[in-house]
Structures are given as C-alpha cells and as structure tokens.
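Values reported hereafter were calculated over all heavy atoms of this structure, with side chains retained and with hydrogens, waters and symmetry mates removed.
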Amino acid sequence: MVVLTAALVYAGTLFNGFVYDDAQLVVDNPWLRSGSELANAFQRPLFPVEDGPIPASARGPAASYFRPLAHVLFFAQRTVFGLEAWAYHLVLVLLHAAVCALVLWLLRTCLKVKEVGASAAAEWGALAGALLFAVHPVHTESVAWLSGCMDVAATLLVLFAVQLVVSRPSSWGRGVGAGLLWGAGLLFKEVAVVFPVVLWATDRAAGGVVSPPGLKGWVRRYAPLGVGALGYAVLRWNAVGLSVPLLGSEGRAGLYPVHLLALVGKLGGKLFWPHPLVVTIPTQVPPQVSEVVLGGILLLLLAGVLWRSWRASPALFAGCVWVLTPLLPIFLMQLRGVEAYAERFLYLPSVGFCLLMAVGVKGVLKRWPEQARALGLAAGGTVVVFAALTMARVPAWRDDISLWEDALSKTPDEPSIHAYLGASYLKARRVEDAVAPLRIAAESMPHLYQPQSDLAVAYALMGRMDLAIPQLERVHALRPREPVVLHNLGLALRKAGRLEEAVERFKAVLRLSPRRADSHLELGRTLLQLGRPAEAVAPLEEALRLRPDSAPARDGLQKARLAVGARP
C-alpha cells in the first residue's frame, strides 16, 4: 500500500522534463559521453567543467560538493534511455517508493511491531507514518526534480544500511556491508554522514543487543562501518581536499543567529504545513517575527523531547535524532553565510518527523482506544490532503519556465528569480518575454555576470545592436578574460557593420582560447566580408581541423580558396 501510494502520487512526474540543474548534470554533462570521461566524476567536484578544475579563488560552496555516484546513475540511465526524460523520472519515483518501504520497516522496528504481544496501535502508527512520508509535499523537490535524486539515493542507502545492521545479529560481514552502503550514500550526498548517529538511535529504539555484551560487542558491531567512511574520505581528499561548503568571514552579511531561528521556523513549519512551497526564497531580508518565534519554539520543543525521552521512550528519542542530526550541517551553513533553505534538505529529516508522528498515533490509540475512528479519519484526511498538495505541486517542475513562473509568483521581489525566469524564456527563444525580467535582474545585481550576459544576448537576438553592444561591453568589464563574452561581442559588432572591431574581438578570443573552433570560423567569415580571403584561409582551416564535420567551416574555406585562386 505504501509503495503503490508513493508511485501513484508522483506519477505526474513522468510528464516532466529536465529542469534547472538537470541541464548541466544530465543533458550537457561532458562526463556522460563515455566511461573514460565518467572517471572525472571521481576526481572533481559535482558540477562538470570542460575547461578543467576551477581556480581556488573562483570557487563557491558548490565546489566542495563531491557526489560522483550521481554521475554514475545519470550515465547508466543515459546509456539505456538516452534523453527520454520520463524514464529518468520513472527511476526516481521507484527510488522514492523503495525509500518509503524502508521507512515503513524503520517505523515498525522502532515501535516494535513484531514483538510478541505488540498492540495493533503500533502497526497503525507505523502505517500512518509511512503513508505520510510517501505523500508529503515537501518531498516534491527531491522526487519531481531529477537532480534531487541525490537526496533520495543517499536516504535509501542510509536506511538500507541501518536495516542491514539492526535487523540481524552482529557480524563482521554485515558490518562491512553496511559500511560500504554508507560510503555509497556519502558518494551520492554528504548528508549520509549522519548514518552512525541515526543507527545508534535506531539500535536503542529497537532494543538491540550485542554479543559479547558490553563495550567489546558494540565495537564489534560498529567498527566495520569505518570501511565505507575511509573509502569515501580517500576519494574526497583526492577530488576536493579539505574544502567544505562554507563561506568564511567574507560570507553574506546579515546571517546571524536570529536568521538561524527563522530558518528553523521555515523548514520546521513546512513539515507540519507544506504550503506554499517554492524552489528558493530571498535570504537578504529581515526574518519575519513569526518565523523566529516558531523556530525558537520548535528547537525548545525538540530539545525537551530529547531530554524526556532519553530513557522513557527510545522510539521518540530516535525520531528526534533522525530529525535533528541531518539538519545540523544545514544550520551551520546558514550561520556561515551560505543560502541554506531548500525543500530537499528535509527529505532525510522527514524520516524522523514521520517516526514522531507514528509514535504519537500509537500513543493516542493506546491511551484512548475509543477514539480510534476519529483518529483514523484525521490521519487519513491528512494523508489525502497532503497527497492532493503534492499532485498539485508536481506540474510546477514540468519545465524551467513553469518552475520559475511559479517561484516568481511567490517571491516577486527576488532578483535572482527574475534572472532564472529570463534565462528560461531566452532558452525557449521567447526573447521579448525574456527582456523585462532580465532587465530587473541586471539592474538589481549589476555585478553578477550571468543576467548581464543573458540580457546582452536577448538584445542581440532582437536585432537591437545599439543596446546589445554597450551591454556586452559591460559584461566584458565584469569578465575581461571570458572567451564567450568576447565572441558574442565580435558577432554583435559584425552585425552592426563594425567589421574591423569584430576581427579584433575574435583575435582576442583566440589569444585566450586557441582551440575555440567557433571563433576561428567567425574570424574567417568576417575577414571574407572585409574582402581579405587570403587572411581568412588560415582560421577557416583551423576551424575545420578542430571540427571536421562543420559545414560552415568547409563552405567558408572553399570560398576563401576560390577567391585567392587556390584549389577549393
């Protein structure tokens, strides 16, 4: 029932496409071209860059994300499915359904459903909690967005590793197996680092025993787990060293402890009432008093439950640990100046939230059995409402335009959303629609390269070279050594009839990037327009050498050679 419910609620994702980071990680990912290229995923940070490693001075927090198994998963899917988006979504829905099955196992284990004499209340509590996890709208970002597979896969492997250790007597073989699963989870996403803590809390709730009793038995139980951590540490050290996704003293101003409380309120509130949901939120705004108060209340409540349940209710204690532990790195990121709100951050913590809800259902049913019908209606109604909210949210992730239009309707004053929406319109060749949001983004973020560049491209596509050329000059001032900017500036100058200036720009590009075939081609074509075919031959020959299948380079070279009297 739980698996089928999860699959049905997210069936709408099969109509979705590649969205947001999916273009960089799946569609245009150079590491997915071959098995040899895939090796880069184990030697570099998450986001692929064809030009080699990013200099340390230009790195942001994302340069510390090391998740090679995400690329392996995408490579396997692309090998089988090509770029059929529905198939990728189907795999992700099945992964989520598998997580839901393991959540049901976890809840039944912590509530000790299989013990002799266990009450039906425990079974109903576990079922209610697992169904809540299966349909919770806050999971939409992780399940409806292909790049969210990292959270789903990491959670799946953490739960699988916990199940391998908790459900059977201790042995070195099972310990090593769980350790390898842990290492694989870490290679999907760093949040899997919480595994030893949640395993310990689950062991307590399940009443785990070790042989021999005492410290030696616990060491035997947990020591083999280090195999996975060690393997991960070696691979990570080789790829990103000691870097972590935190900014130092140069981090974004204004992210003080009060903002942390607001973050707790925003994230915690979404677990209880997940509406409205939005892909991102403004971070450089004063936190709302309601969010700060809610965050303070939730933290105090969680701390109180942890203290009271330490001995009285191991299942309740385990639920708090599953909620709090995965969020601690997120809280640290927020304090250190990294934008730390995202619905996908709640995928793993919501396992603990659903365990807490299951404990609550069990407690109410045991204490007031006569209220079983009312509680069943309330729990069932909640699942139905949450399922409806999820199904309504899934289409927002259909494509980039629908995603950013939805986000802009909820955060109209956030310039970055205007930038994303404008870029999405531009990609869809809705150029006139792109200009307005890109202007807002460019005016609000004058030092940010991408919206400035996108606005210049939009002007050029509209044929407004009088606007495109000054805009490209501004972009060039931001990135003086960016070949793409100089190349686009050369194209715009040529369209404006300023051919000599265009030639100089293309030559400047090739001084920065000598193997850029497009710039060799456009330099040759511009020289042909200037009536200098003898000079055009060399760049056109180089363009054809770099791209033997380039018809424009072949045609241009033939014209240049004919013009100088050589054989075509």
Side-chain angles (χ1 to χ4, degrees), residues 99 101-130 132-133 155 158-170 174-175 178 182 192-223 225 268 271 298-328 348-368 375 379:
V99 171
L102 285 171
V103 168
L104 177 61
W105 166 85
L106 177 73
L107 271 51
R108 298 180 83 239
T109 298
C110 290
L111 298 182
K112 301 182 180 179
V113 169
K114 293 187 176 181
E115 282 192 351
V116 176
S119 65
E123 186 72 81
W124 283 112
L127 178 61
L132 179 63
F133 185 90
T155 302
V158 166
L159 284 165
F160 194 12
V162 169
Q163 197 247 11
L164 189 60
V165 174
V166 172
S167 62
R168 298 176 181 86
S170 299
R174 276 187 288 274
W182 180 27
V193 73
V194 304
F195 166 63
V197 181
V198 297
L199 171 61
W200 165 73
T202 306
D203 249 340
R204 289 188 73 251
V209 295
V210 293
S211 179
L215 180 61
K216 184 178 180 180
W218 288 109
V219 169
R220 180 183 177 187
R221 188 174 182 83
Y222 290 130
L225 304 178
L271 288 173
L298 288 175
L299 278 182
L300 288 174
L301 183 62
L302 197 59
V305 173
L306 275 169
W307 176 260
R308 294 293 300 273
S309 63
W310 166 251
R311 294 189 183 279
S313 177
L316 200 59
F317 180 82
C320 293
V321 170
W322 276 89
V323 170
L324 184 59
T325 308
L327 290 175
L328 291 178
L348 181 54
S350 64
V351 174
F353 175 75
C354 292
L355 176 53
L356 293 175
M357 295 300 102
V359 172
V361 170
K362 175 186 174 182
V364 171
L365 285 175
K366 289 188 70 175
R367 186 165 184 175
W368 296 289
L375 182 62

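Judged as a salt bridge (charged side-chain N to carboxylate O under 4.0 Å, His left out), the pairs with a partner in residues 197-206 (not counting sequence neighbours) are, in order, Asp203-Arg221. Residue pairs meeting the side-chain hydrogen bond (donor to acceptor under 3.5 Å, both in side chains) criterion with at least one partner in residues 319-328, sequence neighbours excluded, are Thr202-Trp322. Screening residues 159-169 for side-chain hydrogen bond (donor to acceptor under 3.5 Å, both in side chains), with sequence neighbours left out, gives no hits.
Heavy atoms from other residues, nucleotides or ligands lying under 6.0 Å from OH of Tyr222 number more than 12.
Phe133 and Val99 make their closest contact through CE2-CG1, 3.5 Å (heavy atoms, listed as atom of the first residue, atom of the second, distance). For the residue pair Ala201 and Ala318, the shortest heavy atom distance occurs at O-CB, 3.7 Å. Between Ala178 and Leu164, the shortest heavy-atom distance links the atoms N-CD2, 3.4 Å. The shortest non-hydrogen separation linking Cys354 to Leu107 is O-CD2, 4.0 Å. Residues Leu356 and Cys320 approach most closely at CD2-N, 3.8 Å, considering heavy atoms. Across every non-hydrogen atom of Lys112 and Ala205, the tightest pair is CE-O, 2.9 Å.
Remark: Leu127 engages Met1, Val2, Trp124, Leu131 in a side-chain contact (heavy atoms from CB on, under 4.5 Å) (not counting sequence neighbours). With sequence neighbours excluded, no residue forms a side-chain contact (heavy atoms from CB on, under 4.5 Å) with Ala379. Take Ala223 and apply the side-chain contact (heavy atoms from CB on, under 4.5 Å) test, not counting sequence neighbours, and it matches Trp172, Val219. Residues forming a side-chain contact (heavy atoms from CB on, under 4.5 Å) with Ala128 (at least two apart in sequence, or on another chain): Val361.
Of the possible polar contacts, none joining the Trp182 side chain to the Leu225 backbone as a donor-acceptor pair under 3.5 Å is found.
Rounding to the nearest 0.5 angstrom, the gap separating the CG atom in Leu106 from the CG atom in Leu355 is 6.0 Å. Distance check, rounded to the nearest 0.5 Å: CG of Leu324 to CG of Leu298 gives 11.5 Å.
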Contacts under 3.5 angstrom, residues 304-314 side chains, donor-acceptor by atom type, not counting sequence neighbours:
residue	atom	partner	partner atom	Å
Ser309	OG	Val305	O	2.5
Ser309	OG	Phe317	N	3.4
Ser313	OG	Leu316	N	3.3

